[in-house]
Structures are given as C-alpha cells and as structure tokens.
**Q** 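Below are the structure tokens for one structure; questions will follow.
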Amino acid sequence: MTKKVRVRFAPSPTGPLHIGGVRTALFNYLFAKKNGGDFILRIEDTDQNRFVEGAEEYIIEALNWCGIRCDEGPSASAATADQGKYGPYRQSERKDLYRKYAEELVAKGKAYYAFDTSERLDYHRKDHEAKGKTFIYNWHNRLKLDNSLSMSPEDLKKRLDSGDDYVIRFLTPPDEKLHLKDIVRGDIEIDTNILDDKVLFKSDGMPTYHLANIVDDHLMEITHVIRGEEWLPSLALHKELYDAFGWEAPAFAHLPLIMKPVGKGKLSKRDGEKGGFPVFPLSWKESEGYREAGYFPEAVVNFLALLGWNPGTEQEIFSMQELIESFSLERVNKSGARFDPDKTKWYNQQYMHQKEDGTLATSFIQELKNKGIDFISEDYVKKVVGLVKERATFIADFWNLSDYFFIAPKEYNEKAAKKQWKEGTSQIMQDLVNVLEPISDFSSENVETIVKEWISEQELSFGKVMPPLRLVLVGDMKGPHIFDIISMIGKEESVNRIKNAILALG
Ligand code: GLU
C-alpha cells in the first residue's frame, strides 16, 4: 500500500513571511491536494532568541488570505487537526521529546558530547582565519577538541556530573560519498569529509533546527519535504541523520530561488522598497503587503505558482483548483525564477476583469463612503464599475477613472480646454442644452440618436461637439462612451455641467 502523502510547511516565526515563503507553502499545498494528501503547518520556534511576537499569527493569516488551508497545524483554522496523533505543531511545545533522540544517537555512537566553550571555538576560528583557513569541526580535528571522543569514559562521567555545559554534535561518518536525490535537482553527490559535525542539541536544552526538523518530519510521517533551495546544503546532514536513526527518509524537492527583477541574487525587502512593490503578503510594520496594496489573493497565488513552476502549456491564468489539477514537482524548474513586478499587476488586472461588477462595487462603495459619498445606489456603482473596470488594475484606481460619475469636474484639463474650446463652442453647447432638455427617454441609445441627428441637421461636425462635450462632463478627455456617461449622470446633472462650463470657459 502506498503511503498517504503528507507534506509540511515549517516556517520559523522570526518575522513576516516573505512571498518566497508563501510560494513554498503554496507548492506544498498544491502537491498535497493533487495527491489527495495532507498539508501540515508546523511552527519551528526552537530558537527563542530569534522569536518575533506576532509572526506566527501573521503566517497563519497570510496563508488563510491566500486560500492555502492547513489540514493540521497549531491554529484553530486547521480543518481536521489530528492533534492527538501528530501534534502539537509548535516545536516549543514538543521540546521535551528531542533530548531522547539526541541521546539515542550518542548511545549508538553516531553523536557525541562536546564541551568546547564558545570562547575556545572563537579562538580556533580566528586562528584558522589568520592562516587563511576555515575552521571546520569534523573528522580531522575532533580528537583534538574538548569532547567525549577525546576523553576517557571516566573523564566524561566527571564532566557530565560536574554540570559543565555541553552540546551534542553529530558524528559525520568520514570518507563516504553520499548519493542524494532531489526531485527538482536530480542526483547530487557529496563527500562527507567536507561536512562539519553539526550541533544537534544545544546547551540550553533545546534541539537545533536540524534535529527537531528530522525528528518531527519522522514523527509526523512526512512523505515529501518541499522547501526553498537555501536548505539544499542541509540535505546531506538530514540524509545522514535519517540513516543514523535507521528511519526511512522522505523524498526531497528544493524549490528554485525567487530572483531580483534585475541583476543577480535573490529578491529582498530592499528590492521591493526600491522598486515600489510589496515583498510580503500582508503589511508588516511599515512595509506594505500585497493585500493592502490592493491585490486579489487569487492573483497573488496565480503569479506565485508560475514563479518556478512551468505548466508546460501557454496557459497563464489558473484558479486554485486548476493549479491543483496541473501541478507536479517534475515541472518545477531548477534555475532561479525572476520576479517581475509588472507581471503581478497584469495578473491583478486579469482577475479584476473576471470579477463580478457587484463584488467590485461592494469594495468601491466602501471607498466612496470614505470620501463622503454615500448617497449613491449600489446599482449605480455597479454600472460605473462595469464601465471602467477594463482600465483598472486595483480597486483604488476606480476613483480616478470614474470620479466624474459622482461629482462634477472642479476644473478642466488646461491643455484640452485650449484645444477643444474654440470660438463658437459656447453657442454650440448652449444649443445642445436646448436639444437635451426636452428628451424624456434618457437612455444612452436614445440620447445618442437624437444628438447625432441634431449634429447632422445642423451640419455641425462631430469634432466640434463631442470633444468639448466630454471635456465639460468629465473635466478631461478620458472616460468610456460619452452617451453612457450622459445617461448615467442624468439630464439635470449633464445640463448643469454644460452650463457651468459655458460660464467658466466663456
Ligand atoms: N524552519 C525552516 C525555515 O524557516 C524550515 C526549513 C525546512 O522546510 O526544512 O524555513
């Protein structure tokens, strides 16, 4: 029987989740759902020095906003949390279980106690540096350092009894060629002699990331570890740890980095500050998030999915369900994925076009209320939204695109006025008022027919009537079909705006 797929997203609550982290969570989620498996959120908070208040809540809120639902995890939002079998899901709440695993490795001769003080290790580091070398705690010097391998059992007992601080280090087996497999990167060979004896258990009684991560992945029956490429250097140690415990290792997939829009290196907070785009899903302190910048979560999920995953077709727009159906780790690219802020906007536009006018109107009404405009019917706002949404990227664009549907222009674009308001224009506009006033059916089509008939009867050119008319109604030369505007704002308002313009422009 094949095992049920179980994957985990294992962030450390050391700050806000970068969108690269959201992508890792997303790929885990897509893979789990594609394979009928479970997506687990595990909070790796063993490093109390780096703990940041509010970070865990932020992570959970960000995943929820994106529609990435956890099957198991620390929050109440986890749908089918089986806390009994696999929980708790915060490593700080599991801290009592790790020591026994570290001791188990010591008992098996796969790990050892090391008493070297940090001053001593610093001394070795500096001494090596001065000689142009790097200090690595491993096979070539471990017998000369202060650990259980370099002392007699009697001395060891004394040291342990005396309460001296110690850590537990992994005893990296020398002279081995490790053959590692990664679903994205293929086969990787590592010579164990270049590895250091990593600390597994710290003197403060807490496990390090490596030990806690492996123990938890094993206990939580994780089948696939999908994480960022920055963890690839840890893969050798992790594989060694599985072997040392005699446990079956999960499959590994290391996701490519998300790269800066230009130049080398991975996307950073500074790139966002320089380029004026968010790098966090939600705002964090003074950094604006995608949510607050007006992005739809579907757009964020869609662009993140295509950063490093290639569907193998031309399709660019994917709903979460379509992503689940199409996703595979085999189609994740090896090379870094370049971040393109313009493309994120393009995605938002696409989702804007797809959204129901009613849904967009609900958000826009809120903005209108904030501006003190609360006398407008929902139906009216819905129509406005329908007329301008093709040109909008964000809900926040609606006001600039459609203010004239709600308030008369306070001024007229100077350049346009110069060009459109000529001698005789006032008279034409006055005549137009006389044409509009008796019309009772003020539908766009009817007004258009009547005005166009009048233009041809009077042998006026369109150019003499329509551009100045747009200018006086809108204040500028922008906007949708002019008769749609006239019909929407209505007869009284249209006539008032024309009369005001005659007074203002002369
Ligand atoms: N706690 C690690 C992190 O912050 C998890 C890495 C992993 O997935 O193994 O990303």
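When a ligand or atom number is given, it counts from 1 through the structure's own listing order. Here the structure is a predicted model, which is why all the values come from computation and not from measurement. Computed over heavy atoms, backbone and side chain alike; hydrogens, waters and symmetry mates excluded.
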**Q** Identify all pairs of nitrogen or oxygen atoms, one from ligand 1 and one from the protein, separated by less than 3.5 Å, and list them with distances.
**A**
residue, atom, partner, partner atom, Å
ligand 1, 1 (N), A10, O, 2.8
ligand 1, 1 (N), S12, OG, 3.1
ligand 1, 1 (N), E44, OE1, 2.6
ligand 1, 4 (O), S12, N, 3.4
ligand 1, 4 (O), S12, OG, 3.2
ligand 1, 8 (O), R8, NH1, 2.7
ligand 1, 8 (O), R8, NH2, 3.4
ligand 1, 9 (O), R8, NH2, 3.0
ligand 1, 9 (O), Y209, OH, 2.8
ligand 1, 9 (O), N213, ND2, 3.1
ligand 1, 9 (O), R227, NH1, 2.8
ligand 1, 10 (O), W231, NE1, 3.4

**Q** Tell me which one of R94, R90, R6, K95 satisfies salt bridge (charged side-chain N to carboxylate O under 4.0 Å, His left out) with D216.
**A**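 Between D216 and the candidates, salt bridge (charged side-chain N to carboxylate O under 4.0 Å, His left out) is satisfied uniquely by R94.
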
**Q** Give a yes or no on this: more than 12 heavy atoms of other residues, nucleotides or ligands lie within 6.0 Å of atom CD of E53.
**A**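 Atom CD in E53 is not packed in, count stays at 12 or less.
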
**Q** Who passes salt bridge (charged side-chain N to carboxylate O under 4.0 Å, His left out) against D271, sequence neighbours left out?
**A**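 Checked D271 against salt bridge (charged side-chain N to carboxylate O under 4.0 Å, His left out); matches are K260.
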
**Q** Return the CD to CD distance between E322 and Q315, rounded to the nearest 0.5 Å.
**A**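 Interatomic distance, E322 CD to Q315 CD, rounded to 0.5 Å: 5.0 Å.
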
**Q** How about K382: does its NZ atom have over 12 heavy atoms from other parts shown lying under 6.0 Å from it?
**A**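 No, not enclosed.
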
**Q** Does D38 come within less than 4.0 Å of R8, counting only side-chain N to carboxylate O?
**A**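 No, this pair does not count.
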
